Amino acid sequence: MSLNNKIFLLIIFFSSVIFFSCSDKKSNNQPAELSIDYNNPAVVMQQAKNILGNNVKFAYKGTFDNDSTIEIAAGTEENGPKLFGIKFYLLKEIQGKLSISYESPLLNGSYKECLIKKIKFPLLNYELVYYNSQSFYLGSGGGEIFSYIINYKDGKVYYAHFISNPNNPIALYVSKDIDMENIKNFFIANFKRDYPNLKLIDKDIILKY
């Protein structure tokens, strides 16, 4: 091989080394994709709004489905002329992206002045969400309290309805589809703490305003 050919091959070799070295350095200097801080409540709320819209009223990270993925329980409220009520959602991270895993029916209630929190019962290894409308639908002439426990894992909504009517005794209806005795007792104990003389009823009462 001639001297000129050797020199030409050496130039190609060193040029390749320099090119790959620079390419590696460039790739190493690329900024890493920022991870989402799901331990920050504000971030959790924003992620829920990205999926469900700006009418999200609460968003909690938790273990609601006994799953190892990121899970967010969230709720929206409808205040339109035709639709009025609240919904509960479960958002789960699948392949790095949040999506809706569960959506409840539209339920009676409002997130204004309500109590809402995560709860956990001793025999369950996952969390539920407890909702109570508190005094929002109560007035001097009576009213009602809507209460729900959302079991996201089984896709169930447990329901209790407190009714205060001047013409009838204070009453509590607990839905018959509650399949856990401790959840039924939880509803009853909560209301009896504030209204010890309430009467349990077998049929729900729809109040007319």
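The basis for the numbers below is simple: all heavy atoms, side chains too, and nothing from hydrogens, waters or symmetry mates. The shown structure was predicted, so the numbers you read here are calculated from the model rather than taken from an experiment.
Between Leu90 and the options Ile100, Asp65, Val129, a side-chain contact (heavy atoms from CB on, under 4.5 Å) holds for only Asp65.
Taking the six-membered ring for Trp and the full ring otherwise, the centers of Tyr130 and Phe186 sit less than 6.0 Å from each other.
Residues Leu91 and Ala48 share a closest heavy-atom pair of CD1-CA, 3.8 Å. Heavy-atom minimum distance, Thr69 versus Lys92: OG1-CE, 3.7 Å. Across all their heavy atoms, Val56 and Gly53 have their closest contact at CG2-O, 3.2 Å. The shortest non-hydrogen separation linking Leu98 to Ile51 is O-CD1, 3.6 Å. Closest non-hydrogen pair, Ser147 versus Asn132, comes out as OG-ND2, 4.1 Å. Pairing each heavy atom of Gly143 with each of Leu207, the nearest pair is O-CD1, 3.5 Å.
The aromatic rings of Tyr131 and Tyr111 sit perpendicular, their planes meeting at an angle over 60°, well past the 30° parallel limit. Taking the six-membered ring for Trp and thresholds of 30 and 60 degrees, Tyr148 and Phe146 have nearly parallel ring planes, at less than 30 degrees apart.
Met180 contributes atom CE, which lies 9.5 Å from atom CD1 of Ile149 (distance to the nearest 0.5 angstrom). Rounding to the nearest 0.5 angstrom, the gap separating the CG atom in Asn168 from the CD1 atom in Ile205 is 6.0 Å. The distance from atom NZ of Lys184 to atom CG of Leu200, rounded to the nearest 0.5 Å, is 7.5 Å. From Asn165, atom CG reaches atom CD of Glu144 across 10.0 Å, with rounding to the nearest 0.5 Å. The line from CZ of Phe58 to OG1 of Thr76 is 9.0 Å long, rounded to the nearest 0.5 Å. Rounded to the nearest 0.5 angstrom, Lys112 NZ and Ile86 CD1 are separated by 12.5 Å.
Taking 4.5 Å as the limit, every side-chain heavy atom of Ile188 sits out of range of all side-chain heavy atoms of Leu198. Residues Phe191 and Val174 form no side-chain contact, since every pair of their non-hydrogen atoms from C-beta on lies 4.5 Å or further apart. By the 4.5 Å heavy-atom criterion applied to side chains, Glu77 and Asn55 are not counted as neighbours. Taking the side chain as every heavy atom from C-beta outward, Asn197 and Ile170 never approach each other to under 4.5 Å. A 4.5 Å side-chain heavy-atom check between Phe136 and Cys114 finds every atom pair outside the cut-off. Taking the side chain as every heavy atom from C-beta outward, Asp202 and Lys176 approach each other to under 4.5 Å. With contacts defined as side-chain heavy-atom distances shorter than 4.5 Å, the pair Tyr152/Phe88 qualifies. Side-chain contact between Tyr60 and Glu127 is absent, with no heavy-atom pair separated by less than 4.5 Å.
Panel note: side chain Lys118, backbone Lys61; a donor-acceptor pair is recorded below 3.5 Å.
With hydrophobic clusters built from ILVMFWY side chains whose heavy atoms lie under 4.5 angstrom apart, Val44 shares a cluster with Leu52. Residue Ile94 is not grouped with residue Ile70 when hydrophobic side chains (ILVMFWY) are merged at heavy-atom distances under 4.5 angstrom, including chains of intermediate members.
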- Could you walk me through whether Tyr173 and Tyr159 pass the side-chain contact (heavy atoms from CB on, under 4.5 Å) test, one step at a time? CA-CA 8 Å; Tyr173 171 78; Tyr159 166 63; 3.9 Å; yes

- Message: Under the criterion salt bridge (Lys or Arg N to Asp or Glu O under 4.0 Å), I'd like the reasoning laid out for Glu103 against Lys87: C-alpha separation, chi angles, the key distance, then a yes or no.
- Response: CA-CA 7 Å; Glu103 177 181 349; Lys87 278 190 173 186; 2.6 Å; yes

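Tyr158 and Asp179 share a donor-acceptor pair across their side chains, judged by distance under 3.5 Å alone. A donor-acceptor contact closer than 3.5 angstrom is absent between the side chains of Asn108 and Tyr137.
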